[in-house]
Protein chains: 2
Amino acid sequence: MNRSPTIRDVAKRAGVAVSTASLALNGKPYVSRETRFKVLQAAEELGYHPHTLAKNLADGRTRNLGLITPISLEHLFASAGFFSCLIRGMHRAAAEHGYNLSLHIAESEDEAVSRVRAAIRGRSVDGLIITNPTVTCPYLRDLKRHRIPFVFIGRPSEEATYVDNDNVEVSRIGVRHLIECGHSRIAFLNGPAQFTFCVDRLLGYRAALAEAGLPHDEDLVWSSDLTEGAAYQVVWELAPRHQFTALFAGSDVQAVGAIRALQAQGFRVPQDVAVVCVNNTDLTRHFIPSLTAVDLHEYWLGYWAVKRLVQTIDGEKTEHPVLIPGELVVRESCGCQPEPQAEGGDGAGAPTRIKPKRNSHQGG
Amino acid sequence: MNRSPTIRDVAKRAGVAVSTASLALNGKPYVSRETRFKVLQAAEELGYHPHTLAKNLADGRTRNLGLITPISLEHLFASAGFFSCLIRGMHRAAAEHGYNLSLHIAESEDEAVSRVRAAIRGRSVDGLIITNPTVTCPYLRDLKRHRIPFVFIGRPSEEATYVDNDNVEVSRIGVRHLIECGHSRIAFLNGPAQFTFCVDRLLGYRAALAEAGLPHDEDLVWSSDLTEGAAYQVVWELAPRHQFTALFAGSDVQAVGAIRALQAQGFRVPQDVAVVCVNNTDLTRHFIPSLTAVDLHEYWLGYWAVKRLVQTIDGEKTEHPVLIPGELVVRESCGCQPEPQAEGGDGAGAPTRIKPKRNSHQGG
DNA sequence: CCTATTCATCGAACCGCTTCGAGAATAGCG
DNA sequence: CGCTATTCTCGAAGCGGTTCGATGAATAGG
């Protein structure tokens, strides 16, 4: 009937054996010019296209990459458009290497574990990318026992291949900018220390100060949940008790909470307190004042995660992590631009981008 | 030797034929109680888990659903966290029906077409979900010719199964709220008419006015691109030339552009002009004033799209579209003195809002 | 001129599962 | 008790590819 043509049909039409057809179709050696031509022609005429599943079953590769995402950290994702960018980057790398991306979203860590296991058991993927590894990392054992290639997005606590933002650099860039704007008393509103990225960012904050020969006042290091309300409260409480002229916030949403608190206490932003934050989002673009932010390049995070995973699958040993540099996007909140941006231009008003020095973050 | 056990191993250990093992394992009838037990036990002992690929090849189903997304409309996605929500909803429905989700992102419509074709040829999916169908809809022919089940997200121009926001309702809800706040001269900043959702929303706008017995002034229907800058320009130009006390904006970003323009001209929001917009996002939550918005429930959009697709795959004929209702989230920009109402959802950044001015005494 | 390689092709086995048709055993019924 | 249904089990034939080992033919080497 209308059954789509198989390689057997092609072989028959070309007058060759199935095995020969397979070789020809796949560009393998040991096929004469004419034979190859005959086969290709037959395939063309028949409108032949290989059956993915069959191919995969036969050669034992699924050509599938699984993305495991415990969405419990959803706000982190959703807020930053993180997820979309990440996925796009992953998708591009996957496409470059002929892989497919399949999604495994989990509402909880337990569910994430069971999804990892299901993927392993069903042998439905050649490798796994796991975002937001937690401290416990319960799947690690399974992954290692079954020798299934995997890459984490985000720095895990235990040793494992991972791709992450260069969070030390990220905050260093942000703080350095504030220093360059002339500030020396810079508060840091960090996220909860349970996240490795917050730990790393604190290092960057200190590094920037040290670099500039500025004293480091531990009292200026604050911390709040990633919500606006939490940030508001912390800043509301701590701001009056300290001397500072600038604030570096761990996220766009925290920055907004902080700014509201500051304004409520009579500080003007950026005149009295300059603000720079992490995460370049719609919010930082459209907030008033628009927020100077460190862009995390989530796209490349996803891209390199897949790249790395593919390398692992191909048996290349690449132990050291990939770190994605951040990039400063200067807007109004840091107060270093005399004029507010041109109104009505192309949306957010063209921001000034400051290129970070290129990190040689990729090995080969 | 560490080869994972196959159904043959199970059969052998249970002392039955492979075919019997298969029946037992899959809970099919015509297997005696004891035999079934023996097989299950053997499987358990061996740690047997079926090989997805083999299963799929054998019974001709891939258990894969493809998501085709032309990302050209990325800003639409990214800005609303649209994509993440959509995907989560899709994922949930897919999981409920035992399907897998595989991603096919395209940077252009051409690429989308080729991805659709590739998916069809490779027979790698049982069905396709296609977001943002365009007017031309070039894949439609292929889809129909190959009889592959598909569902659109967004109303297509041609006839086809689709799931969409109930865009007429969406704007009707928003405008109705403004009317209830006492406004009668309500401007509408719509998006480009090339999008079906903009067309629909205009209908809703008119319906709301008509319902309330208010006159409809065509001069108050404006339109701009979905960017802040475009919105700013349009409002900047048109606002002074018309009498109005409220504005309904087609998106969060447009609303921000409009508000900036209004403020630049000396209008206060919400005192002089009340604003309500479509899209409940981080931006609407955290902007000052926070924006009253119609939440689009993208999660359910994704959920129902998959649900519908599965129905189609199962051969149920369900021609009429699924329309997802919107939901009004009242905040400050409409000026109607919002209650501290609980927002639907998980509370990430929900209006546990701390109000800077009025409530400054509440702190702590 | 004869043998050792290399090249080109083929048939068969296989990947791991489902399903079909057939046969044996048991049950139902007049 | 004989005959048809029903229940249970089995072997074999796919699903649509890849890959291995064998077989000639062509080429090269001595």
Side-chain angles (χ1 to χ4, degrees), chain A residues 1-40 42-43 46-64 98 100 120-126, chain B residues 1-40 42-43 46-64 98 100 120-126:
Chain A
M1 287 258 316
N2 245 344
R3 178 182 59 79
S4 34
T6 74
I7 197 171
R8 269 170 253 271
D9 300 324
V10 174
K12 186 178 296 174
R13 175 174 256 254
V16 301
V18 171
S19 49
T20 304
S22 175
L23 294 179
L25 255 9
N26 290 298
K28 298 254 169 100
Y30 298 116
V31 180
S32 71
R33 258 189 130 53
E34 317 97 73
T35 304
R36 188 181 302 275
F37 180 77
K38 277 191 302 182
V39 172
L40 259 28
L46 254 30
Y48 167 80
H49 292 284
H51 188 122
T52 320
L53 249 44
K55 197 166 189 142
N56 296 353
L57 176 59
D59 71 6
R61 302 176 48 201
T62 68
R63 289 172 183 77
N64 251 310
N100 227 286
I120 295 178
R121 285 178 194 152
R123 279 138 290 181
S124 57
V125 299
D126 291 341
Chain B
M1 211 66 277
N2 245 346
R3 177 181 62 78
S4 34
T6 73
I7 197 171
R8 263 171 262 272
D9 300 322
V10 174
K12 187 178 295 174
R13 174 174 256 256
V16 302
V18 171
S19 48
T20 304
S22 176
L23 294 181
L25 255 8
N26 289 298
K28 299 255 169 100
Y30 297 115
V31 180
S32 71
R33 256 187 133 54
E34 317 98 75
T35 304
R36 186 181 304 275
F37 181 77
K38 277 192 301 181
V39 171
L40 259 27
L46 254 31
Y48 167 79
H49 292 283
H51 188 122
T52 320
L53 249 45
K55 198 168 188 139
N56 296 353
L57 176 59
D59 71 6
R61 303 176 48 200
T62 68
R63 289 172 182 76
N64 252 309
N100 225 289
I120 295 177
R121 284 178 195 152
R123 279 138 292 180
S124 56
V125 298
D126 291 341

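Lettering of chains follows the sequences in order, A, B, ..., and the numbering in each one begins at 1.
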Which ones in residues 10-18 of chain B lie close to DNA chain C, meaning a heavy atom under 4.0 Å from one of its atoms? B:V18
Rounding to a whole Å, what distance do you find between B:R3:CZ and C:dC15:P? 8 Å
Would you mind reading off the distance between B:L25 atom CG and C:dG16 atom P, rounded to a whole angstrom? 15 Å
Heavy-atom distance under 4.5 Å between the side chains of A:R3 and A:D9, does that happen here? yes
So, taking the atom named NE2 in A:H51 and the one named CG in A:N56, what distance separates them when rounded to the nearest 0.5 Å? 9.0 Å
Under 4.0 Å between a side-chain N/O of A:T20 and OP1 or OP2 of C:dC10, yes or no? yes
Comparing nearest nucleotides in DNA chain C, the 5'-proximal residue of the pair B:A54, A:K38 is A:K38
With nearest nucleotide decided by heavy atoms, which residue, B:P29 or A:D59, maps closer to the 5′ end of DNA chain D? B:P29
By salt bridge (charged side-chain N to carboxylate O under 4.0 Å, His left out), B:R36 pairs with (sequence neighbours left out) none
For the pair made of NZ in B:K28 and P in C:dT19, what is the distance, rounded to whole Å? 4 Å
Categorize A:T6 for me: base, sugar-phosphate, or nothing, with a 4.0 angstrom heavy-atom threshold over every strand shown. sugar-phosphate
Heavy-atom side-chain contact between A:N64 and A:D126 under 4.5 Å: no
Which sits closer to the 5' end of DNA chain D, B:R36 or B:R123, going by the nucleotide each is nearest to? B:R36
Strictly distance-based, threshold 3.5 Å: is any side-chain N or O of B:R123 a donor or acceptor partner for the main-chain N or O of A:H49? yes
Judged by atom type as modelled, is there a donor-acceptor pair below 3.5 Å linking the side chain of B:N26 to the main-chain atoms of B:K28? no
What is the separation between atom CG on A:L53 and atom C1' on C:dG16, rounded to the nearest whole Å? 12 Å
Does any non-hydrogen side-chain atom of A:N100 lie less than 4.5 Å from one of A:R63? no
Contact boundaries on DNA chain D for chain A, cut-off under 4.0 Å to non-hydrogen atoms: D:dG16 to D:dT19
How long is the span from the CZ atom in A:R13 to the NZ atom in A:K38, to the nearest 0.5 Å? 13.0 Å
Report yes if at least one side-chain N or O of B:Y48 is closer than 4.0 Å to OP1 or OP2 of C:dC17; otherwise report no. yes
Would you say a side-chain N or O of B:K55 is under 4.0 Å from OP1 or OP2 of C:dG16? no
Between atom CG of B:L53 and atom OG1 of B:T62, what is the distance when rounded to the nearest 0.5 Å? 10.5 Å
Distance check needed: C:dT26 C1' versus B:Y30 OH, whole Å only. 14 Å
Are any of B:N26's side-chain N or O atoms less than 4.0 Å away from OP1 or OP2 of C:dT18? yes
Identify whether any heavy atom of A:S32 sits under 4.0 Å from a base atom; if not, whether one sits that close to sugar-phosphate; answer base, sugar-phosphate or nothing. sugar-phosphate
Just how far, in rounded Å, is P of C:dG16 from CD1 of B:I7? 12 Å
dist B:T52:OG1 -> B:L57:CG (nearest 0.5 Å) comes out at 12.5 Å
To the nearest angstrom, how far is B:H51 atom NE2 from C:dT18 atom C1'? 14 Å
